[in-house]
Amino acid sequence: MKSLNVGIIGFGTVGTGVWEVLKNFDNIHVKKIAVKNLNKKREIENFDTSLLTDNPFEITENSEIDVVIEVAGGTQPAFDILKSAINHGKHIVTANKELLAKRGSELFSLAKEKNVIILYEAAVAGGIPIIMPIKTILCANKITKIAAILNGTTNYILTKMDEKELSYETALKQAQELGYAETDPTGDVEGFDAAYKIAILSTISFNKKIDINKIYREGITKITSNDIKSARELGYRIKLIAMGQVLDNGKIDVRVHPMLVAKKHLLAKVKNATNSIMLTGNPVGDLVLTGAGAGAKPTASSVVGDLLVLASELETTNSPLPQAVCNHSETAEQILIGDTYNDYYISLTASNNPGAIGMIGTVFGENNINISTIMQKGINHDNTAEIVVITETAKEADVQNALKELLNSPRIKNINNLLRVMN
Ligand code: HSE
C-alpha cells in the first residue's frame, strides 16, 4: 500500500485514538499534529511532543503532507483550515459533522476543482460503516428512507429514564459523569448533533442537497418520566429518531424528534449510547446497522479506515475514489413539519367534568383525526385527569389545529406533550 504522510488537526479523545491506531500501520506517517494548547499535559506513551504545533496552517501548507485528518470539530476555524488544505492539494479525512452539514457544499465544490477527495465515514454514527457503503456497494439502490438513532448521549438518557426510572435531570447528570454529555449538553439534547448527521446521510442517500436550516428539529428536554411510563404501558419506548424519506411526489421529509417506537421495532431495542441506522432501498430492502456511534476507538476505526482505503487507491491513480466525489447539483424540496403525516401520542390534562373525553373525540373528529387508543387512569388530587391518546395517521397541521382548539376550552388544563409514533 502506498506510503502517506498525514497531518492531524485536533488531538482530543478522537485525535489521540486515531494516533494510537495509526501506530499499527507502517505506511502511514504522522508528520504534525495541530492542537489548541501546546502546554496541555498529555498522558500518551512514547509520544514525541515535537510533532505538536499550535498553527494548523503549518500542516495545510506543508508540501510533504498528503492527507489532512481533521478531528477538531466546529465550523471555525475548521472551515478555513480545510479550505487551505484543499487549496494546497491535500486529501481530507474528517469527522466534522457540523462543518459538513453547514458548509459541506462549498468544501466539496472546491475539492472537486482541486482534484482531491473528502472522506468522512467518522462524521456519522462513529464506528458504524454507512457513508462508504452508501457510496459504493449500495450504489445500485434507490434509497427512499432512513430512520436512525444517531445520538448516543440522548439514547443513553432515554434508556436510563425508562429502565431505571430516572428523571431527565438525573439521567443527564449520569451521562455527563460518564463523559457522554458535555457540560453544555445543548448540541446533543436539543437534537443539533443528530440533525447534522441526518442532513449528511439524506444528502448522500437521496442525491440531493439538504438544507440544514429546513430540518425540523426537536430535542428530548420536554420528555417527562410520565411520558416514558405511559409509552411503556402502551407498548412503546421513546427514542430520539432522525429520519429522512423521499415522498411519492419527490419531495423530501427530513427531521429529528423524539418518537414512541413500538417495542417490537428493531430501533426500540437499541439501548444506552449505541447508534443504529435503518435504511430502506430498492433492490436491497431494509438494512439495519448497529454499533458504537462515538468514542475514541470506534471513531478511529472509521477515520483510519478512510485513510487506508485512500492509501490503496493512491497506489494506482491520482484521481482516487470517483464515487466519493460530490455530484449533488440538485437541491431537495424539503417539506415543513405541518405537511407531514404521522401517528401521534398526545398527553393532556383535563378538568374532571362530564364529557371531557367526548369533547376531545369531537374536536379530533372535526380535524380528521382518528383515535386508536385512549387511556385515563383515575382522577388526580386536584380534580384533574391525565388523558393519553394514540391516534391513527393524521396530518400534523390538523393535529396542531385540534390541540389549539382544545386549549381554548376551559375543560383542558394543559397539553402535556405531543410526540410522533413509529409502529
Ligand atoms: N455527541 C455525540 C453522541 C457523538 O452523543 O452521539 C459525537 O457526534
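Side chains included, hydrogens not; waters and symmetry mates left out as well; all remaining heavy atoms used. Heads up: numbering here begins at 1 and tracks the sequence. Counting starts at 1 for both ligands and their atoms, following the listed order.
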**Q** Between Glu165 and Arg232, is there a salt bridge with N-O shorter than 4.0 Å?
**A** yes

**Q** Give, for atom CD1 of Ile157 and atom CG of Leu172, the distance between the pair rounded to the nearest 0.5 Å.
**A** 4.5 Å

**Q** Will you find, in the side chains of Asp343 and Thr391, an N or O donor that is under 3.5 Å from an N or O acceptor?
**A** no

**Q** Side chains of Asn416 and Thr349: do they bring a donor and an acceptor to under 3.5 Å?
**A** yes

**Q** Strictly below 4.0 Å, N to O, side chains only: are Lys229 and Glu386 in salt-bridge contact?
**A** no

**Q** Can you list, by chain and residue number, every protein residue with a non-hydrogen atom closer than 4.0 Å to ligand 1?
**A** Lys97, Asn151, Gly152, Thr153, Asp188, Asp193, Lys197, Ala294

**Q** Would you confirm whether the ring centroid of Tyr344 sits within less than 6.0 angstrom of the ring centroid of Phe364?
**A** no

